[in-house]
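Structure first, commentary second.
Basis for what follows: all heavy atoms, side chains included, without hydrogens, waters or symmetry-related copies. Note that the structure is a prediction, hence the values are computed from the model and not measured.
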Amino acid sequence: MTITSPHLGSPSSAWTDARLLYALEEVVEKELNRHLTVAKDWMPHEYVPWTDGRNFPGFFEDGEAWDKEQSKVTEIGRIALVVNLLTEDNLPSYHHEIASLFGRDGAWGTWVHRWTAEEGRHGIVMRDYLLASRAVDPDKLEAFRMAHMSEGFESDNRHSMLHSVAYVAFQELATRISHRNTGHQSGDPVCDRMLARIATDENLHMVFYRNLLKAAFELAPDLTMQAVRDVVVNFRMPGHGMPGFERFAAQMAIGEVYNLRIHHDDVLQPVLRHLKVLEIDGLGPEGLKAQEELGLFMGGLDAEALKFDEKLAARKARMAARAGG
């Protein structure tokens, strides 16, 4: 492939990951500075109900064994909290992935480390909350953590800088929605408040990457459209490799923490609509093809979500009838 010096409106063949990283450096610096002005530092320990805590069995003679009746958290809240925390636990692998892809120098490197530091708070506060409030079995939680982290994490999009930027623009919003809905379904106002604080961070991270994705569309519209198409069609949450994820995901779908309708309406559509992805014109043949395929996929996903909605409504009706009978 012949590489020419990229500039606004350059043909797709002009762009490599290295040149895109360089071309977007100024945008990253601008977005980093904007992020630092709006992001608020917060203290994880201030969100944890420490007075609810007590010793577990082991080294302490007065240790009290865990029992799920000790916590006010609902069953679906407990499941979602474990999934969300285990996802956050893989932060070392995520950091390695983005540091390898985006680099550790300049504005890119500053962002990578800042993002990692902010994400680290999420795992800290969630684990402290779960243990202090006795919301989950601590032995099982640790066993899950060891199993999940021992597997490591390899991104589906590590082959491409554009695919990675597109993925995190959607994934950060997906994580925000998952945390927020978990809080709503948890049955504990303390948990809801903690997850709302985490969700605020995730939303700011989404805005950073969404604005970066917008700049990428302006630089390399065809390549960016193809990346967005690939990411949307093949989207998987980063926790997909954890033990029992499929079962947990099904329970979270029924519990309305995260399902097809939420994925379509609250994650994919807002980003696509904000960037007007399906309205971009002036694309080349490959970009236009990707845009058309993306539109068709979204239509199909909406239809699948409708089927899910109907099944969920029927399930609720059956449960209500049983409760009434």
Side-chain angles (χ1 to χ4, degrees), residues 44 47-49 52 66-91 94 119 121-145 147-149 153 170-203 205-206 235-268 305 308-309 311-312 315-316 319:
Y47 288 79
V48 179
D52 291 348
W66 179 82
D67 187 287
K68 67 179 181 179
E69 298 303 320
Q70 296 164 348
S71 170
K72 62 186 76 171
V73 171
T74 61
E75 184 62 24
I76 186 58
R78 185 175 294 112
I79 291 166
L81 279 162
V82 170
V83 170
N84 290 351
L85 175 56
L86 291 181
T87 301
E88 299 285 357
D89 274 334
N90 248 348
L91 182 59
Y94 306 150
E119 288 287 342
R121 286 185 180 133
H122 303 168
I124 290 169
V125 72
M126 288 179 69
R127 175 166 283 98
D128 286 347
Y129 166 81
L130 291 176
L131 296 180
S133 68
R134 292 188 165 235
V136 299
D137 183 333
D139 294 340
K140 287 185 177 178
L141 181 65
E142 178 59 12
F144 273 136
R145 188 190 71 84
H148 185 41
M149 291 194 69
F153 173 80
F170 294 104
Q171 182 267 322
E172 292 283 4
L173 182 52
T175 305
R176 171 208 166 192
I177 295 296
S178 182
H179 282 309
R180 203 69 196 91
N181 288 344
T182 298
H184 292 329
Q185 301 286 355
S186 69
D188 180 9
V190 174
C191 179
D192 192 25
R193 185 166 59 245
M194 171 194 67
L195 291 176
R197 176 58 261 187
I198 292 174
T200 299
D201 280 2
E202 303 290 11
N203 194 63
H205 297 164
M206 178 276 292
F235 187 88
R236 296 195 296 175
M237 290 293 273
H240 63 80
M242 71 179 61
F245 179 78
E246 290 77 12
R247 178 167 54 87
F248 293 148
Q251 291 169 312
M252 290 168 68
I254 293 170
E256 298 181 85
V257 172
Y258 201 95
N259 55 39
L260 276 180
R261 174 54 64 200
I262 293 169
H263 183 60
H264 177 277
D265 290 2
D266 300 337
V267 176
L268 299 182
F308 174 83
D309 292 341
K311 289 179 181 177
L312 187 60
R315 183 180 186 276
K316 286 181 179 178
M319 292 181 70

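Annotation for Y47 and V190: closest pair O-CG1, 3.9 Å, computed over non-hydrogen atoms. Between L195 and G183, the shortest heavy-atom distance links the atoms CD1-N, 3.4 Å.
Under the 30°/60° scheme for interplanar angles, the aromatic rings of Y258 and H263 are found to be tilted. Taking the six-membered ring where the residue is Trp, F144 and F248 present perpendicular rings, their angle passing 60° and hence far from 30°.
Under the ring-ring contact (aromatic ring centres under 6.0 Å, His included) criterion, Y94 pairs with F153, sequence neighbours left out. In this view, D201 and R197 satisfy the salt bridge (Lys or Arg N to Asp or Glu O under 4.0 Å) rule, not counting sequence neighbours. Checked against salt bridge (Lys or Arg N to Asp or Glu O under 4.0 Å), D309 has the following partners two or more places apart in sequence or in another chain: R261. Residues passing the ring-ring contact (aromatic ring centres under 6.0 Å, His included) test with H148: none are found, sequence neighbours excluded.
Side-chain contact of S133 with D52: a donor-acceptor pair under 3.5 Å is absent, judged by distance alone.
Within the structure, side-chain hydrogen bond (donor to acceptor under 3.5 Å, both in side chains) pairs that include any residue of residues 243-257 comprise E256-K316 (at least two apart or interchain). Pairs of residues two or more places apart, or lying in two chains, never qualify as salt bridge (Lys or Arg N to Asp or Glu O under 4.0 Å) while including a residue from residues 129-141.
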Inset, instruction - Determine, step by step, whether N181 and R176 satisfy the side-chain contact (heavy atoms from CB on, under 4.5 Å) criterion, reporting the C-alpha distance in whole Å, the side-chain angles of both residues, the deciding distance to 0.1 Å, and the verdict. - result: CA-CA 9 Å; N181 288 344; R176 171 208 166 192; over 6 Å; no
Legend entry - side-chain contact (heavy atoms from CB on, under 4.5 Å) between L141 and L85, worked out: CA-CA 9 Å; L141 181 65; L85 175 56; 4.0 Å; yes
Inset, instruction - For the pair N259 and M252, evaluate side-chain contact (heavy atoms from CB on, under 4.5 Å) and give the outcome as yes or no after the intermediate values. - result: CA-CA 7 Å; N259 55 39; M252 290 168 68; over 6 Å; no
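In this structure, S178 contributes its side chain and T175 its backbone to no donor-acceptor pair below 3.5 Å. The main-chain N or O of Q185 is found under 3.5 Å from a side-chain atom of T74 such that the two form a donor-acceptor pair. With R78 contributing its side chain and A135 its backbone, the two residues share a donor-acceptor pair below 3.5 Å.
When the options Q171, R180, E172 are evaluated for a side-chain contact (heavy atoms from CB on, under 4.5 Å) with E202, the one that passes is E172.
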